[in-house]
Amino acid sequence: MAKLGNRKRLWAWAVAAALVAALASVPAFGQANTAIQGQTYMTQTQAPAGPPTEQWGVIEFEKHLFIAQDIHLGGVAGYRRIDFSMPRDWKPIGGSRLELSMSHSPALIPELSAMTVRLNGRALYSTSLDEKNVNTVLLTVDVPDGLLRDYNFLELIAHQHYMIECEDPFDPTLWTRFHKESKIVIHYQRLPVLIDLAAYPHPIFEERGYGDTTLHYVVPSSPSPQTLKAIGQVQLALGRAIAWRSVDFKVDTDVPAATDNHQVLIGTPQENPAIMALADLPPEKALPLPLKKGVGFFTPDDRQVPQTDGIIVYANHPSNPGYALLIISGNTPEGVDLAAQALTLLPYEKTITGQALVVKKIDPRPELGERTNPTYLPTKPEFTLADLGFEDVTVRGFYAPAVSLKLNMEPDSHPVIGKQAMKLVFSYGAQLQQRLSSVEVVLNGVSIASKDLHLPEGEQRVELPIILPESLLGPFNIVDVRFHLFPDNYFLCGRVSDRHLWATVHKETSFVMPRDYYTYLPDLSFLKYDWFPYTLRQDLGDTALVAPDSPSAGDYKGLLTIANLLGKATHSEGIFLKTYRLGDLPQDVKASHHLILIDPTSKSRMTKDLVGDTELYYNDQNDRVLETLAEREMKSREFKTAGVVEQINSPFNPSKTVLLVRGQDQKSMEKAIEALSDKEKITKLEDNLAFSFDTEDVKAVKTSEKKLIGQIPIQEETRTWVYLNFWQTTLLIIAIVILLYIVASIIRLVIQRRKAAQKRMRKRDLQG
C-alpha cells in the first residue's frame, strides 16, 4: 500500500509538472494587480545567442567613478575603498586588469613602506614604495578569473614610514597618491539582451553601466494631444530613473533607416509610421501583440485590443535583436495616454511584468501639494536626523572621514533669524588622548562649533547645542561632523594604533529650523536648485511644456531634454506634467500653470505677445538687449547668434512664471537648451534673461523687475530689516534716545520756569 501511495504521489507531481510546462508554452497569461488592471503577455522569442562577442570595457576613475581629485593616502596607514559595479550584460572572462597610476613621497623608507591592492577582499598586488615608483608610474595588476562579480570593491592600502626610531604618524611627508587617470579594464563577453517589463528601464537604461545613455525616440510629426503628453511624461519618468547619468537624444519623426540604439516608439499606429511598419512581421520576429495594418493591435488569440486600452510592448528589436524596442501605444490616443500613465507609475517592479501589457484601468495616484520633496527638510520647524532617513553612522581612526549631513531647503525658504539651532548627539570610545581629541562641526565649509573628547572611558549620547548662523544657510547646505581622534598612548616617537578609535553620530540629533516662504521672481539663478519653481510640486502638477504647433525633430529633442532635466529633480511616484502644442494650450492651463515654451524662431504668437516682436541681439554695453524689428537702422550694436533663456512673471497668473527657451533658428535654440542642461552654464544663469553662446560663456541681463511671490510676515520683515541694518538701527535708537532726552529736558526746563514764574507772581501778590 505504501508503494502504491508513493506511485500516486509521483504521478501527481508529474501531471503538475506537465501542466506548468504547458502553461509556460502558452504565449499569454493573466496577472492580477492592485495598481494597474490589465493583461500581460510573454513571447517565446528571445535574442539569439549567436557567437560570443569579446569586448573590453574601460571604467575610468574620473569619468565613470566620479573621482574628481587624485586619491591621497596619508599617515602611517593610508586607506581608500572604491566601489564599482558590473553591467548586467557583461560576462567577465580572463584578461581583466587594473591600470593604476601612482606616485609617493620621496621621504619614505623602502624597507618599511609598502603598498597593497585588494579586490573584493583578496590581495592582488604588493610592492615596496621605493625609488622605482617614487615618480608617476603605471602599475598593471591582473585580475584572476572568477573574482569579479555584480558589485565590487577595490581597496588601496599604503603602510608608510619616513623614520625608524622617532616618527610622527601625521607627518605630511607620509603620502602615496593614486591618480584620477587610473582605470579598471574588464575583458568580457556581451550577453544576449533579454527583455522583461519587470526589469524596466533595463536595458534602455543600465543602472550598473557607465558613460552617457543614448535614447532614440521615434515620434509622430503631427501628434495628438494625448501622444504629446505621453512623450513628455515618459521621458520625465526616465529622467527620474537616470538622474545621475548624462543623456543624449536621437529623434526621428519617420521610420528610421537603421537601428543602432534602443528605441522608444510613442503614438498610435495610425499617427506613428514607425509603429505601423512593424505590422505583419514574420513569425520569428513577431511582437508579443500582433499588429495589423490599417486595423491596430490584437491579442494573440486574434481579438482586437479595445479602443480605450493602453498598450505597452517591450521586446527585442525585430531588425536588430541586440537592442530593445519599447512601444507605448494604443488603438486610440486615449489608449496611448493610459499606457504612458502605467509606465510612469512607480514602482515599476511591483506593477508590470512580461513583454507586453494591455492596460485597462489605473488606480490613480493622488496629486501632491507643494513642498513634498523627500530630499528637502520637513516643513515642520523641529525634526531629527531620523526624520530625514538618517541612521547612526560610526567612523574610525586617525583620518576618520567626516559625517556629512545634507540640509536642503526650497530656494524660497528664509530661515527665521535668531532661531536656527542644532543639537548634535554623539558617542565616542575609550582610550582617547583628551588633550588632542575633539569633535568639530562645519557648516558649508565654515567651522561653527567644537567640543573636546576628554573622558578616558568614553561617553554615550553626548548632547552638543549649536547655533546655526542664518548668514551661512542657503538652499543646499552640508553640515560636516568631523571627529579628530588620537589614542591616549600617542607620542611623537612611538608606534601607535588607531583601529580602536571610534565615534558615532546618532539619528536622534535634532534641529530647530523655522522658515518663512517667499521669493522674488523672475530669477534664473533658481534653476540650478532642482529647477525651482517648476518642481516645487514634485509631481509637476502645475507645470506645462509648450511645443510649436508643428514640432520638428529638433523641437522634440529640446522638449525631451527639458523633460529629462525636470525628471532628474523629482521623486514623485505619480507624474502630472502636461505637454501641449501651442495651438492646443487651454486657457485654464495658462491661468493656473507655470509654462515652459520652446520657440526655435522666437516668432510664435505667444512669444510676440509676451516679450514683443524681437530678434536676438547682444550689445556689450548692455545699452540694448533686445532690439525690435523697427530699430534695425541702429548701427551701434554687436550682433551674435545666441540661444536665449528668459523668465517672466506670467501675465495669466501673478504667482506663476513663463520660461521662454528660444533662438533665431534651430541651431541657436540648441544653445539655449545647452544653457539649461550643462552643469557649468546653468550656474551662470541669473537675472531674468541669459544669452548662451558657442563657447562656455553665458551673459545674463535684467529686463524686468522682480515681484514678490508669497507673503513676508510683518514681524519677520521688521526683524530682517533690523538684522541687516544693525548699526543703522543702533544709531537710530541712540539718536531717538538722545532726542527724547533733549525733549524731556526742554519740557522739564519749561515746566520749571513756569513754576518759578508762578511762584514770583504769587509772591508779588502777597507783597501787594
Side-chain angles (χ1 to χ4, degrees), residues 212 214-223 227-228 231-232 235 239 246-257 261 264 266-267 272-274 524 527 544-566 579-585 595-618 625-627 629 639-647 658-678 681-682 685 689-699:
D212 294 345
T214 299
L215 297 177
H216 184 180
Y217 276 85
V218 186
V219 292
S221 57
S222 297
T227 294
L228 191 62
I231 292 170
Q235 182 49 51
S246 298
V247 181
D248 292 328
F249 292 100
K250 183 178 180 181
V251 180
D252 280 304
T253 55
D254 206 341
V255 182
N261 283 296
V264 181
I266 303 179
N272 191 330
L524 293 173
L527 291 178
L545 297 180
V546 185
D549 287 324
S550 299
S552 65
D555 299 333
Y556 272 122
K557 187 174 180 180
L559 184 149
L560 290 167
T561 301
I562 292 176
N564 182 65
L565 295 170
L566 291 171
T579 307
Y580 299 96
R581 288 186 295 185
L582 183 57
D584 299 329
L585 182 62
L595 304 178
I596 303 177
L597 173 64
I598 297 173
D599 188 356
T601 63
S602 298
K603 303 296 184 185
S604 74
R605 58 184 177 277
M606 178 174 279
T607 299
K608 292 179 181 181
D609 291 342
L610 294 176
V611 297
D613 190 7
T614 59
E615 285 191 350
L616 310 183
Y617 295 95
Y618 181 76
V625 177
L626 299 177
E627 295 185 356
L629 298 178
F639 174 77
K640 293 180 179 177
T641 302
V644 171
V645 180
E646 184 173 9
Q647 187 182 66
V658 179
L659 183 69
L660 296 100
V661 184
R662 57 197 180 102
Q664 295 184 84
D665 51 33
Q666 199 73 55
K667 184 177 179 180
S668 58
M669 192 193 72
E670 289 175 1
K671 299 172 189 174
I673 297 293
E674 181 186 359
L676 297 171
S677 56
D678 184 270
K681 281 193 172 185
I682 197 170
L685 299 182
L689 188 147
F691 292 86
S692 175
F693 302 102
D694 282 330
T695 63
E696 294 299 315
D697 196 18
V698 172
K699 294 189 177 181

Is a donor on one side and an acceptor on the other found under 3.5 Å between the side chain of [X] and the backbone of [Y]?
| X | Y | answer |
| --- | --- | --- |
| Thr227 | Pro223 | no |
| Thr579 | Leu545 | no |
| Asn272 | Ile266 | yes |
| Tyr217 | Ala553 | no |

Salt bridge (charged side-chain N to carboxylate O under 4.0 Å, His left out) filter on Glu670, not counting sequence neighbours, yields none
Sorted by chain and residue number, the salt bridge (charged side-chain N to carboxylate O under 4.0 Å, His left out) partners of Asp678 (sequence neighbours excluded) come out as none
Distance (rounded to the nearest 0.5 Å) between Ile673 CD1 and Lys681 NZ = 12.0 Å
Side chain to side chain donor-acceptor pair (under 3.5 Å) partners of Asn261, counting only residues at least two apart | none
Name all residues meeting the side chain to side chain contact (heavy atoms under 4.5 Å, CB included) criterion together with Lys667; count only those two or more places apart in sequence or in a different chain, and write none if there are none.
-> Asp665
Side chain to side chain contact (heavy atoms under 4.5 Å, CB included) partners for Ser550, two or more places apart = none
Review item, side-chain donor-acceptor pairs of residues 557-565, under 3.5 Å, at least two apart:
residue: Thr561; atom: OG1; partner: Lys557; partner atom: O; Å: 2.7
residue: Asn564; atom: OD1; partner: Gln235; partner atom: NE2; Å: 3.0

Scan side-chain atoms only and decide if Ser602 and Asp599 contain a donor-acceptor pair under the 3.5 Å cut-off.
-> no
Go through the steps for Arg605 and Asp549 under the test salt bridge (Lys or Arg N to Asp or Glu O under 4.0 Å), then give the verdict.
-> CA-CA 11 Å; Arg605 58 184 177 277; Asp549 287 324; 3.6 Å; yes
